[in-house]
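Below is one structure, written out as structure tokens; the observations come after it.
Quick note: residue numbers are just sequence positions, from 1. The model shown is predicted, which means the values in this text are computed figures rather than measured ones.
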Amino acid sequence: MADHTVQGSFLRLFYPCTDAVGYEEPLWIPRKEYYNGLADFMKLNRRFADWIFERLYGSYRCPAKWNAPFKVGEKYPLIIFSHGLGAFRTVYSAICIEMASLGFVVAAVEHRDESASATYCFEERLPSDLQEQVLLRTDECIRALNLICDINGGKQVTNALPLHFDFTALKASIDVCRIAVMGHSFGGATVIETLSKEARISCGIALDAWMFPLSDEFYRTVRQPLLFINSETFQWAGNIMKMKKLESCIKEWKMITVKGTVHQSFPDFTFLTGSLFSRIFKLKGNIHPHIAIDITNKASAAFFQKHLGLEKDFNQWDHLIDGKGEHILPGTNVSLPLS
């Protein structure tokens, strides 16, 4: 965390590491305050929800090593990740950890616009509407990018949290010419707004984007390649039409739909919740969650290789970007009005 105010940056950093023997795995939900935020988001009684969430999720840990030594000797592409409404910096670990294992550094931002379940910051004036919120979220993504670039340039930074991590190991380890932005739902809208504001970012991926918070102005300013990865059940015609409005502005515009998925097939809840709770809160679709997230991660890696100019083997998954495969289709399954 850089600064306790909304002008600061708060993120979790996922990165390639060296031998991590002896380093612990962090708790998936870092503090109980997040249970209260989840309860409010799901319109549940806080006391009841705290009891449920503690038993469902309290013991889970992320399969990554906390504060493990950064793997030096390479320059890594950077992904800025923006969470959805009611989420926070740790609940997309299945995506962020996989991207780090493929050789990316991922800065998973925790937004302070009141869209997170909870967060740490001194209270200040907060956004009054969704368009103002998405602008604040965009600013937070850009500040996270600036922070990582400062660290990469050797600038000394102070972590406001009592953690001991050698940030100097990241000096000259980020490839600042290969930067992408990625996000889910409200984070998908944040991806698009961030692309419209930040020319250093080469491409973006929007996971089941919620387009409503965006004003019409961004259509004239987004030029970077953009991939929409949608679920089968969340989208509707008006939302898809907003996505397709960008098709005429962007040379490399792609949309795919993963069959059998729901809106919550992208956060980690889909892996950690039993069938009854999942049915009640629509956390799982008809497809096995591991298959769904594997498609998302591989399609994302292939898209990043193509548009960040990476010399990897992720092009073996190029067919997914084109919507070819057993569990995927090109474009959308939503019926659209004739134009």
With a cut-off of 3.5 Å and sequence neighbours excluded, list every side-chain donor-acceptor pair involving residues 322-337.
{"from": "D322", "atom 1": "OD1", "to": "K254", "atom 2": "NZ", "distance (Å)": "2.8"}
{"from": "T332", "atom 1": "OG1", "to": "V334", "atom 2": "N", "distance (Å)": "3.0"}
{"from": "N333", "atom 1": "ND2", "to": "E232", "atom 2": "O", "distance (Å)": "2.9"}

Could you work out, with side-chain hydrogen bond (donor to acceptor under 3.5 Å, both in side chains) as the rule, every residue matching [X], not counting sequence neighbours?
X	result
N297	none
R61	none
N286	none

With sequence neighbours excluded, what pairs up with [X] under the salt bridge (charged side-chain N to carboxylate O under 4.0 Å, His left out) test?
X	value
K242	none
R12	none
E247	K244
D318	none

Applying side-chain contact (heavy atoms from CB on, under 4.5 Å), name anything that partners T221, two or more places apart in sequence or on another chain.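 Only S196, F218 meet the side-chain contact (heavy atoms from CB on, under 4.5 Å) criterion with T221.
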
List the residues meeting side-chain contact (heavy atoms from CB on, under 4.5 Å) with L135, not counting sequence neighbours, and say none if there are none.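 L135 satisfies side-chain contact (heavy atoms from CB on, under 4.5 Å) with E193, K197 once adjacent residues are dropped.
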
Side chain to side chain donor-acceptor pair (under 3.5 Å): which pairs involve residues 256-270, sequence neighbours left out?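 Sorted result for residues 256-270: W28-D268, S93-D268, S185-H263, D208-H263.
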
Which pairs, with at least one residue in residues 63-78 and sequence neighbours excluded, count as a side chain to side chain donor-acceptor pair (under 3.5 Å)?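 Every pair satisfying side chain to side chain donor-acceptor pair (under 3.5 Å) with a residue in residues 63-78: there are none.
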
